[in-house]
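Worksheet: one structure, shown below.
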Amino acid sequence: MATTQHPAHENGGAHAVPTRERAAAPKRRGFLQRKGVRLSFALLATVFAFHVLLTGLYRFVNPAASNWMRLDAISGVAVAQTWVPIEAMSPAVIKAVIASEDARFCAHWGVDWREVYYAVANADSRGPRGASTITMQTAKNLYLWPGRSYVRKAIELPLTWMIETLWPKRRILEVYLNVAEWGPGIYGIESAAQHHFGRSARRLDGRQAAILVATLPNPIRRVASKPGRTTLRQARRVRQRMRAVDAGCVLAG
């Protein structure tokens with residue numbers, strides 16, 4: 001009895017090429033995925049190296065502007081900043097900002113893990129609140145963007161450790177006080193002192209320093225030259241804390 005040959009099955013038939021393509025597809029996907037991972041790591045390494053060099057430079061050279069200043073300028077906000085060395089700042093300002101923003105500034109290495117744990121445990125749907133040390137705020141103002149998110153916090157941590165490694169505490173506070181926002185478009189303690197009190201940062205007294213620092217959580221709504229009850233109440237707390245604050249890592253320099 002004769003056997004009928006089906007041409008479609010000879011030499012793999014019409015399904016041979018599609019079968020080979022299906023077999024090769026996972027290999028191509030795997031290759032592309034590996035290539036994408038390598039490119040991502042290369043990009044991250046390049047960005048990290050750039051920030052290492054930039055942070056090393058800022059140890060000796062004052063930043064021309066912070067990222068927040070650039071964002072304000074792009075959006076059309078007039079930016080005012082006058083850089084002053086830490087020697088030209090009142091000791092009251094230094095004590096006030098440490099007392100209010102980061103009481104353990106002289107003791108930690110950039111991150112206060114107790115505060116981080118508390119912030120994460122009490123985070124809401126918008127992300128973690130608080131726990132930012134002065135060093136973390138410096139990294140955020142210099143390199144990142146406003147807002148709260150876990151993504152920004154994740155980027156903020158390596159930048160914070162980089163700054164702590166490359167700068168002494170005195171330089172960290174000097175940069176922070178010169179790039180912190182003290183009102184719409186008002187950056188740096190010198191511009192803040194002149195704008196709100198009509199005097200230099202060197203001549204600020206304890207009360208004025210405490211009021212300025214009390215506006216830092218929300219410098220757009222809290223106005224140091226016209227403090228409300230909330231700002232004055234916070235300023236009184238700051239003045240109390242200033243009496244016992246450890247600022248030796250800055251003032252002893």
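Side chain of S90 to backbone of L204: a donor-acceptor contact under 3.5 angstrom is found. The main-chain N or O of W161 is found under 3.5 Å from a side-chain atom of T165 such that the two form a donor-acceptor pair. Counting only distance, with no hydrogens or angles, the side chain of S75 and the backbone of D72 share a donor-acceptor pair below 3.5 Å. In this structure, T215 contributes its side chain and L212 its backbone to a donor-acceptor pair below 3.5 Å. Checked by atom type and distance alone, the side chain of W182 pairs as donor or acceptor with a backbone atom of A180 at under 3.5 Å.
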Exercise for review: Apply side chain to side chain donor-acceptor pair (under 3.5 Å) to K226 and T231, showing your working.
Suggested key: CA-CA 9 Å; K226 298 177 181 179; T231 301; over 6 Å; no
Review point. Should V97 and L216 be marked as a side-chain contact (heavy atoms from CB on, under 4.5 Å) after you check the CA-CA gap, both sets of side-chain angles, and the distance that decides it?
Key: CA-CA 9 Å; V97 77; L216 281 174; 4.1 Å; yes
Exercise for review: Take T230 and R233 through the test side-chain contact (heavy atoms from CB on, under 4.5 Å) and record every step on the way to the result.
Suggested key: CA-CA 5 Å; T230 300; R233 183 167 59 249; 3.7 Å; yes
**Study point:** Steps toward side-chain contact (heavy atoms from CB on, under 4.5 Å) verdict (W68, V179)
**Key:** CA-CA 9 Å; W68 285 35; V179 301; over 6 Å; no
Check your understanding: When you look at N67 and N141, which way does the side-chain contact (heavy atoms from CB on, under 4.5 Å) test go after all the steps?
Key -> CA-CA 6 Å; N67 216 35; N141 290 345; over 6 Å; no
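Across R70 and A65, no two heavy atoms sit closer than the pair NH2-O, 3.2 Å. Considering all non-hydrogen atoms of both residues, L71 and L144 come closest at CD1-O, 4.5 Å. The two residues P184 and V77 make their nearest non-hydrogen contact at C-CG1, 4.5 Å. Scanning both residues, A214 and R222, for their nearest heavy atoms gives O-NH1, 2.7 Å. Closest of all the heavy-atom pairs between L232 and R207 is CD2-NH2, 4.3 Å. In terms of heavy-atom proximity, R203 sits nearest to R199 at O-NH1, 2.8 Å.
Within a 6.0 Å sphere centred on NZ of K140, other residues, nucleotides and ligands contribute more than 12 heavy atoms. Residue-environment remark: CZ (R171) exceeds the threshold of 12 foreign heavy atoms within 6.0 Å. Around CZ of R241, the count of heavy atoms belonging to other residues, nucleotides or ligands within 6.0 Å exceeds 12. More than 12 heavy atoms of other residues, nucleotides or ligands sit less than 6.0 Å from atom CH2 of W145.
I189 is listed as a side-chain neighbour of V84, based on a closest heavy-atom distance under 4.5 Å. Between P219 and I186, every side-chain heavy-atom pair lies at or beyond the 4.5 Å cut-off. The shortest side-chain heavy-atom distance between E174 and P85 falls under the 4.5 Å cut-off. Residues E181 and S66 are not in side-chain contact: their nearest non-hydrogen atoms beyond the backbone lie 4.5 Å or more apart. Residues M89 and R202 have side chains not in contact (no heavy-atom distance under 4.5 Å, counting atoms from C-beta outward). M136 has its side chain out of reach of D102: every pair of non-hydrogen atoms, C-beta onward, lies at least 4.5 Å apart. Using a 4.5 Å heavy-atom threshold, the side chains of I94 and L173 count as touching. Looking only at side-chain heavy atoms (C-beta outward), H196 and Q208 stay at 4.5 Å or farther from each other.
A continuous path of ILVMFWY side-chain contacts below 4.5 Å connects Y58 to L159, so both sit in one hydrophobic cluster. Both W167 and W83 are members of a single hydrophobic cluster when ILVMFWY side chains are connected at heavy-atom separations under 4.5 Å. Linking ILVMFWY side-chain heavy atoms closer than 4.5 Å, directly or via other members, places V223 and V238 in two distinct hydrophobic clusters. Under the 4.5 Å side-chain heavy-atom criterion for ILVMFWY residues, a single connected hydrophobic cluster contains both I155 and F50.
In this structure, the separation between CZ on R59 and CG on L54 is 15.0 Å, given to the nearest 0.5 Å. Taking CG from L57 and CG from L166, the interatomic distance works out to 11.0 Å, rounded to the nearest 0.5 Å. Interatomic distance, I163 CD1 to I134 CD1, rounded to the nearest 0.5 Å: 12.5 Å. Distance check, rounded to the nearest 0.5 Å: CD1 of I74 to CE of M69 gives 13.5 Å.
No side-chain N or O of K169 forms a donor-acceptor pair with one of T135 less than 3.5 Å apart. Judged purely by distance below 3.5 Å, without hydrogens or angles, the side chains of R237 and Q234 pair a donor atom with an acceptor atom. A donor-acceptor pair shorter than 3.5 Å cannot be found between the side chains of Y187 and N178.
Legend: residues meeting side chain to side chain donor-acceptor pair (under 3.5 Å) with Y143, ordered by chain and number and at least two apart, are T55.
The pair E87-R170 meets the salt-bridge criterion, since a charged nitrogen lies less than 4.0 angstrom from a carboxylate oxygen.
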